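To start, the structure under review is shown below, and the notes come after it.
The sequence lines fix the lettering, A, B, ..., with proteins before strands; numbering per chain opens at 1. All figures in this text were calculated on a predicted structure; none of them were measured in a lab.
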Number of protein chains: 2
Amino acid sequence: MRDPEATLRQHALPVTAQRLAVLRAVSRHPHATADDLTASVCGELGTISRQSVYNVLNVLTEKGIIRRIQPADSPARYEDRIGDNHHHLVCRSCGRTEDVCCAVGEAPCLKAHSHHGFKIDEAEVIYWGTCPACQKKKRS
Amino acid sequence: MRDPEATLRQHALPVTAQRLAVLRAVSRHPHATADDLTASVCGELGTISRQSVYNVLNVLTEKGIIRRIQPADSPARYEDRIGDNHHHLVCRSCGRTEDVCCAVGEAPCLKAHSHHGFKIDEAEVIYWGTCPACQKKKRS
DNA sequence: CTAACTTTTTGACAAAGTCCAAAACTAGGT
DNA sequence: ACCTAGTTTTGGACTTTGTCAAAAAGTTAG
């Protein structure tokens with residue numbers, strides 16, 4: 001995220017302290033939840049309402065400025081890095097989330113021929129596993 | 001699902017009317033939600049508690065008798081068809097869910113080399129799109 | 001600087017599940 | 001068939017994540 005303020009203006013969004021702070025927080029904490037981001041923003045602004053966090057996240061997501069990912073058994077997470085078709089690797093036990101470049105070149109999985117008459121617009125891949133820390137914890 | 005009762009016994013689970021009914025309901029309605037299943041079971045047994053539906057679905061899922069899928073913006077859905085690594089195609093507007101055989105042969109996407117030290121055990125793929133009915137609705 | 005329009009805030013509400021304790025049921029041994 | 005021990009089922013309260021709505025505050029164009 002180069003310049004949060006410019007980004008907002010480019011999308012015809014009024015610039016507010018809350019939006020700038022949320023945008024910076026998403027940038028600083030990839031894959032953070034709304035709750036994580038609220039905490040981070042509070043550190044910067046002192047306070048922000050829960051609703052505002054959701055408002056901002058929703059509008060930024062609609063405009064395509066950030067991306068929302070919603071793995072099973074986890075609240076929604078947000079990220080900055082968009083437009084490069086990467087996927088995610090999620091720890092089943094602690095929820096730690098990492099980016100994974102599309103494994104087999106360019107969007108190989110996307111090539112689902114139109115099934116059942118659906119118009120497919122995205123292939124989402126989530127790799128499930130156990131992160132190093134949780135592997136260690138389980139062994140002990 | 002050949003014989004629900006035998007299936008339960010094979011997994012050392014006491015056979016109860018609720019379990020049989022839920023198991024049959026999952027079989028009859030692939031990709032149904034807990035709510036859908038509750039309605040279906042009520043048609044068969046007259047009544048069942050919400051908690052029991054969750055209890056049964058959880059135990060069956062743990063035993064690997066059924067599979068739970070949790071697409072974004074949808075309550076959990078359950079299915080009968082397990083062990084064949086198939087994926088799902090979900091309609092963004094109505095939630096309709098269809099099975100999709102793994103597009104490129106055998107688990108091609110699963111070949112994410114161990115990233116970040118994670119021990120990967122599953123690759124989940126969800127294709128997002130618009131089902132025929134919703135395409136028609138949108139055009140009108 | 002003002003006016004029009006958005007955002008932010010606050011508080012109530014909703015959906016999907018889980019937690020807990022009491023009542024009912026299942027399965028195994030007599 | 002009947003007990004008994006151990007599970008399940010039930011009902012109700014509670015939690016989490018998020019949305020709705022109306023009033024107050026802020027932003028931007030003129």
Side-chain angles (χ1 to χ4, degrees), chain A residues 4-23 25-26 31-42 44-63 65-66 68-78 94-95 97, chain B residues 4-23 25-26 31-42 44-63 65-66 68-78 94-95 97:
Chain A
E5 189 165 336
T7 305
L8 292 175
R9 291 195 199 287
Q10 275 160 34
H11 289 84
L13 291 173
V15 176
T16 68
Q18 289 84 348
R19 283 177 176 163
L20 290 175
V22 169
L23 204 34
V26 172
H31 312 130
T33 64
D35 233 48
D36 299 335
L37 295 168
T38 301
S40 173
V41 169
C42 282
E44 194 178 332
L45 299 185
T47 176
I48 189 173
S49 71
R50 199 161 60 108
Q51 186 62 54
S52 289
V53 175
Y54 283 110
N55 285 160
V56 173
L57 291 173
N58 285 340
V59 75
L60 295 180
T61 302
E62 278 160 28
K63 295 285 184 179
I65 299 171
I66 62 177
R68 173 191 284 134
I69 56 183
Q70 290 166 271
D73 301 316
S74 159
R77 293 165 183 275
Y78 297 85
C94 73
T97 305
Chain B
E5 189 165 336
T7 305
L8 291 176
R9 291 194 198 286
Q10 275 161 34
H11 289 84
L13 291 174
V15 176
T16 68
Q18 289 83 350
R19 283 178 177 162
L20 290 174
V22 169
L23 204 35
V26 171
H31 312 130
T33 64
D35 234 48
D36 298 335
L37 295 169
T38 302
S40 173
V41 169
C42 282
E44 194 177 331
L45 299 185
T47 176
I48 190 172
S49 71
R50 197 160 59 111
Q51 186 60 57
S52 289
V53 174
Y54 283 111
N55 284 160
V56 173
L57 290 173
N58 286 340
V59 75
L60 296 180
T61 302
E62 279 161 26
K63 296 285 185 177
I65 300 172
I66 62 178
R68 172 192 284 134
I69 56 182
Q70 290 165 272
D73 300 317
S74 158
R77 293 166 184 274
Y78 297 86
C94 73
T97 305

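At dT19(D), none of the side-chain N or O atoms of Tyr54(A) fall inside 4.0 Å of OP1 or OP2 (strictly under the cut-off).
Separating the CG atom of Leu57(A) from the C1' atom of dT17(D) is a distance of 13 Å, rounded to the nearest angstrom. A straight line from CG of Asn58(A) to C1' of dT17(D) spans 12 Å, rounded to a whole angstrom. As rounded to whole Å, 15 Å separates atom P of dA15(C) from atom CG of Asp36(B). At whole-Å resolution of the value, CD in Glu62(B) and P in dT18(C) are 10 Å apart. Rounded to whole Å, the distance from CG on Asp35(B) to P on dA16(C) is 6 Å. Across the protein-nucleic acid pair, Asp73(A) atom CG and dT18(C) atom C1' stand 12 Å apart, rounded to whole Å. Per the geometry, CD belonging to Gln70(B) stands 19 Å off P belonging to dA15(C), to the nearest Å. Distance Leu37(A) CG to dG18(D) C1': 15 Å, rounded to the nearest Å.
In this structure, Asn55(A) CG and Gln51(A) CD are separated by 4.5 Å, a value rounded to the nearest 0.5 Å.
For Val56(B), the side-chain atoms get nearest to dT9(D) when compared with the rest of dG17(C), dT9(D), dG18(D).
Remark on DNA chain C: of its neighbouring residues Ala76(B) and Leu13(B), the 5'-side contact belongs to Ala76(B), judged by nearest-heavy-atom nucleotide.
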When you look at Leu23(B) and Ile66(B), which way does the side chain to side chain contact (heavy atoms under 4.5 Å, CB included) test go after all the steps? CA-CA 8 Å; Leu23(B) 204 35; Ile66(B) 62 178; 4.1 Å; yes
Run the side chain to side chain contact (heavy atoms under 4.5 Å, CB included) check on Leu57(A) and Val26(A) step by step: do they pass? CA-CA 9 Å; Leu57(A) 291 173; Val26(A) 172; 4.1 Å; yes
Please report the C-alpha distance between Arg50(B) and Thr38(B) in whole Å, then the side-chain angles of each, then the deciding distance to 0.1 Å, and finally whether the side chain to side chain contact (heavy atoms under 4.5 Å, CB included) criterion is met. CA-CA 7 Å; Arg50(B) 197 160 59 111; Thr38(B) 302; 5.6 Å; no
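No side-chain heavy atom of Thr7(A) sits under 4.5 Å from any side-chain heavy atom of Leu60(A). Within the 4.5 Å cutoff, the side chain of Ser49(B) has no heavy atoms near those of the Gln18(B) side chain.
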N/O contacts under 3.5 Å, protein versus nucleotides 23-27 of chain D?
none

Please list, for nucleotides 9-13 of chain C, all pairs of protein and nucleotide N/O atoms separated by less than 3.5 Å.
residue, atom, partner, partner atom, Å
dT9(C), OP1, Gln18(A), NE2, 3.3
dT9(C), OP2, Ser49(A), N, 3.1
dT9(C), OP2, Ser49(A), OG, 3.1
dT9(C), OP2, Ser52(A), OG, 2.5

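Smallest separation of non-hydrogen atoms from Ala17(A) and Leu45(A): O-CD1, 4.0 Å. In this structure, Arg77(B) and His31(B) approach most closely via the heavy-atom pair NH1-O, 2.9 Å.
Results of the side-chain contact (heavy atoms from CB on, under 4.5 Å) test with Val56(A) over Ile48(A), Val41(A), Leu13(A), Val22(A) single out Val22(A) as the only residue that passes.
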